[in-house]
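All remarks here apply to the structure that follows.
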Amino acid sequence: GKVVLRYELFGVEGDVNIVCAAEGDWTARVDKTDIDSGDIAVTAPSPFSEGKVVVFANAADGRMCIETLTFVELTE
């Protein structure tokens, strides 16, 4: 399956580079719409297996933010 996550940055004073690293058979792609927002499209492998996507945001002034998105299968 595929999910699209919208992101928005606050306090941006210049270009910010957003990149993703996906583990295993997961894929992730950044579609930047403007200087402070965009979408991250994440596709899971088939059959589904748990996975992670690491998102890196690098500002021109050297600041960096790293976030990990963890995807698990819910069972009831």
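Since the structure is predicted, the reported quantities are computational estimates derived from the model, not experimental observations.
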- Heavy atoms only: give me the nearest G11-R63 pair and the separation to one decimal. O-NH2, 4.5 Å

- Item | ILVMFWY network linking V53 to I66, side-chain heavy atoms under 4.5 angstrom | no

- V4 and D31: CA distance, side-chain angles, deciding distance, side chain to side chain contact (heavy atoms under 4.5 Å, CB included) verdict: CA-CA 10 Å; V4 177; D31 293 318; over 6 Å; no

- E50 CD to T70 OG1 distance, which is reported to the nearest 0.5 Å: 9.0 Å

- Query: Do V55 and V3 belong to the same hydrophobic cluster, where Ile, Leu, Val, Met, Phe, Trp and Tyr are linked whenever their side-chain heavy atoms lie under 4.5 Å apart, directly or via other members?
  - Reply: yes

- Task: Report yes or no: do V16 and L5 belong to one cluster of Ile/Leu/Val/Met/Phe/Trp/Tyr joined by side chain heavy-atom distances under 4.5 Å?
- Result: yes

- Note on the structure: Closest heavy-atom pair, A28 versus C20, reported as atoms and distance to 0.1 Å, is CB-CB, 3.7 Å

- Task: Tell me, yes or no, whether the heavy-atom count around N17 atom CG, taken from other residues, nucleotides or ligands under 6.0 Å, exceeds 12.
- Result: yes

- Should V30 and I35 be counted in the same cluster of Ile, Leu, Val, Met, Phe, Trp and Tyr side chains packed under 4.5 Å apart? yes

- State the CG-CG distance between N58 and D15, to the nearest 0.5 angstrom. 10.5 Å

- Once the angle between the rings of W26 and F48 is folded into 0 to 90°, is it parallel (under 30°), tilted (30 to 60°) or perpendicular (over 60°)? perpendicular

- Inter-residue atom distance E8.CD - T33.OG1, 0.5 Å rounding: 9.0 Å

- Distance in Å, L69 CG paired with I40 CD1, rounded so as to fall on 0.5 Å steps: 6.5 Å

- Query: Nearest 0.5 Å, what's the CG-OH distance between D39 and Y7?
  - Reply: 8.0 Å

- Note on the structure: Interatomic distance, NZ@K32 vs CG@L9, rounded to 0.5 Å, equals 8.0 Å

- Task: Answer yes or no: is there a donor N or O on one side and an acceptor on the other, between the side chain of E23 and the main chain of K52, under 3.5 Å?
- Result: yes

